[in-house]
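This report concerns only the one structure given below.
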Amino acid sequence: MTFNECLRSARERLAETETPYLDALVLLSHATGVGKERLLANLNEEIPRVTAAIYDELLQRRLAGEPVSYIRNRKEFWGLDFYVDKRVLVPRPDTEVMVEEALRLIDRSSSPLKIHDACTGSGCIAVALKHERPEIEISVSDISEQALEVADFNARSLLGAPLASCVSDLLADLSERYDLITCNPPYVEHAYVEGLLAKSWPEPILALDGGKEGYDLIPRILSQGLDRLESNGYLMIEASPQLVPRITDDMDSCGYTAVRRIEDLAGRPRIALGRKGNA
């Protein structure tokens with residue numbers, strides 16, 4: 001069987017997935033250890049039997065609902081290859097909007113900022129920021145010790161050094177104040193999460209379940225943020241497009257200033273941003 005025949009067969013097997021051809025190609029590249037471009041240039045070559053067997057095992061895992069990123073233990077975010085497994089959520093492209101806006105705030109400051117990334121998961125936001133602006137002081141926290149293990153691995157692998165970290169229930173267990181706090185908390189409605197559980201969804205439910213309306217944790221973050229921010233410091237929260245307007249309204253009610261919504265790649269409200277102090 002040639003690589004081309006193998007790919008066609010895999011695409012048919014993965015027809016019910018969102019991106020059958022891309023999944024088939026990425027997994028074949030992973031099985032062979034050959035880049036996608038080189039693989040596509042040699043589609044008429046015969047696939048070795050051992051490689052075909054490995055590839056079949058990978059396809060079986062994908063058919064069982066395991067994300068490609070978990071199968072490969074790799075997800076690109078902000079141009080960096082992050083290690084991921086079932087201890088953390090797979091980083092989403094829309095979260096890069098958080099990095100972009102944080103970099104704007106960093107670049108507008110006359111001195112290096114002290115930043116904290118809560119609910120850090122894989123550490124993708126914090127590592128991306130530190131990679132882009134090495135001069136910043138940034139720390140991370142998560143309620144999951146297992147997630148912090150993954151974040152630490154990514155920091156050491158991609159930055160060459162660990163980031164200061166601690167176990168914290170949102171911002172409750174932090175002991176310092178920061179110029180900027182970023183947070184991508186659980187914000188999926190509980191009923192939807194139960195549906196995912198019924199389908200054996202592999203991502204950690206702790207990182208998804210935001211309660212009945214997905215909003216259970218947000219008021220706590222807003223309140224704790226005022227305690228943990230320096231004067232004129234900023235709080236950034238990622239949430240669903242349905243929740244962001246509610247968050248910005250509550251930011252206004254809580255006393256945050258310069259409140260605004262930031263849109264994602266599809267033009268939907270994705271980030272709520274507010275400032276502690278006078279506008």
Roughly how far, to the nearest 0.5 Å, is the [atom2] atom of [Y] from the [atom1] atom of [X]?
X      : Y      : atom1 : atom2 : result
Gln224 : Leu171 : CD    : CG    : 5.0 Å
Asn42  : Ile47  : CG    : CD1   : 12.5 Å
Ser157 : Asp81  : OG    : CG    : 11.0 Å
Leu25  : Cys6   : CG    : SG    : 11.0 Å
Tyr55  : Met1   : OH    : CE    : 10.5 Å
Ser168 : Leu148 : OG    : CG    : 9.5 Å

For the pair [X] (side chain) and [Y] (backbone), establish whether a donor and an acceptor sit closer than 3.5 Å, ignoring hydrogens and angles.
X      : Y      : result
Thr32  : Ser29  : yes
Thr248 : Pro245 : yes
Lys130 : Leu159 : no
Glu189 : Lys212 : no
Ser144 : Ala147 : yes
Asn154 : Ala151 : no
Arg177 : Asp227 : yes
Ser109 : Pro112 : no
Thr17  : Leu14  : yes
Glu5   : Thr2   : yes

Could you go through the side-chain contact (heavy atoms from CB on, under 4.5 Å) check for Glu176 and Lys114 one step at a time?
CA-CA 10 Å; Glu176 301 182 41; Lys114 185 176 181 181; 2.2 Å; yes

Would you call [X] and [Y] a salt bridge, using N to O less than 4.0 angstrom?
X      : Y      : answer
Asp152 : Arg156 : yes
Glu149 : Arg87  : yes
Glu100 : Arg270 : no
Arg13  : Asp56  : yes
Arg268 : Asp94  : yes
Glu57  : Arg62  : no
Arg220 : Asp169 : yes

Applying side-chain contact (heavy atoms from CB on, under 4.5 Å) to Ile115 and Ile181, what does each step give before you reach the verdict?
CA-CA 6 Å; Ile115 301 172; Ile181 295 174; over 6 Å; no

According to a hydrophobic-cluster definition based on side-chain heavy atoms being under 4.5 Å apart (Ile, Leu, Val, Met, Phe, Trp, Tyr only), do [X] and [Y] belong together?
X      : Y      : result
Val26  : Phe3   : yes
Leu226 : Leu174 : yes
Ile247 : Ile271 : no
Tyr70  : Leu63  : no
Ile136 : Met98  : yes

Stepwise side-chain contact (heavy atoms from CB on, under 4.5 Å) test for Leu273 and Tyr234:
CA-CA 7 Å; Leu273 172 67; Tyr234 287 90; 3.7 Å; yes

How far apart are the C-alpha atoms of Glu203 and Arg92, what are their side-chain angles, what is the distance that settles it, and do they pass the salt bridge (Lys or Arg N to Asp or Glu O under 4.0 Å) test?
CA-CA 13 Å; Glu203 292 185 295; Arg92 269 59 169 184; 2.7 Å; yes

A side-chain contact here means heavy atoms from C-beta on lying under 4.5 Å apart; do [X] and [Y] qualify?
X      : Y      : result
Leu196 : Tyr192 : yes
Pro67  : Pro202 : yes
Asp209 : Val188 : no
Ile125 : Thr120 : no
Pro91  : Val84  : yes
Leu28  : Leu39  : yes
His190 : Glu213 : no

Which heavy atom in [X] sits nearest to a heavy atom in [Y], and how many Å separate them?
X      : Y      : value
Leu243 : Tyr187 : CD1-O, 3.7 Å
Val68  : Leu27  : CG1-CD2, 4.1 Å
Val97  : Asp264 : CG2-CA, 3.7 Å
Arg260 : Ile262 : NH1-CG1, 3.9 Å
Met251 : Leu235 : CE-O, 3.8 Å
Val150 : Val88  : CB-CG1, 3.8 Å

Residue that, paired with Met236, satisfies side-chain contact (heavy atoms from CB on, under 4.5 Å) out of Asp117, Leu180, Asn184:
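Only match with Met236 under side-chain contact (heavy atoms from CB on, under 4.5 Å): Leu180.
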
Can you confirm if the NZ or CZ of Arg74 lies within 45° of the ring axis of Tyr83 and under 6.0 Å from the centre of its six-membered ring?
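No, Arg74 does not sit over the ring of Tyr83.
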
Is the count of non-hydrogen atoms from other residues, nucleotides or ligands lying under 6.0 Å from [X] atom [atom1] greater than 12?
X      : atom1 : value
Glu137 : CD    : no
Tyr215 : OH    : yes
Glu145 : CD    : no
His30  : NE2   : yes

Residue pair Ile237, Thr182: steps toward the side-chain contact (heavy atoms from CB on, under 4.5 Å) verdict:
CA-CA 6 Å; Ile237 302 175; Thr182 58; over 6 Å; no

For Thr95 and Glu238, which I'm curious about, is there any donor-acceptor pair between the side chains at under 3.5 Å?
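Yes, side-chain donor-acceptor contact under 3.5 Å.
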
Determine the interplanar angle of the His116 and Tyr178 rings, folded into 0 to 90°, and report it as parallel if under 30°, tilted if 30 to 60°, perpendicular if over 60°.
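Judged by the thresholds at 30° and 60°, the geometry between His116 and Tyr178 is tilted.
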
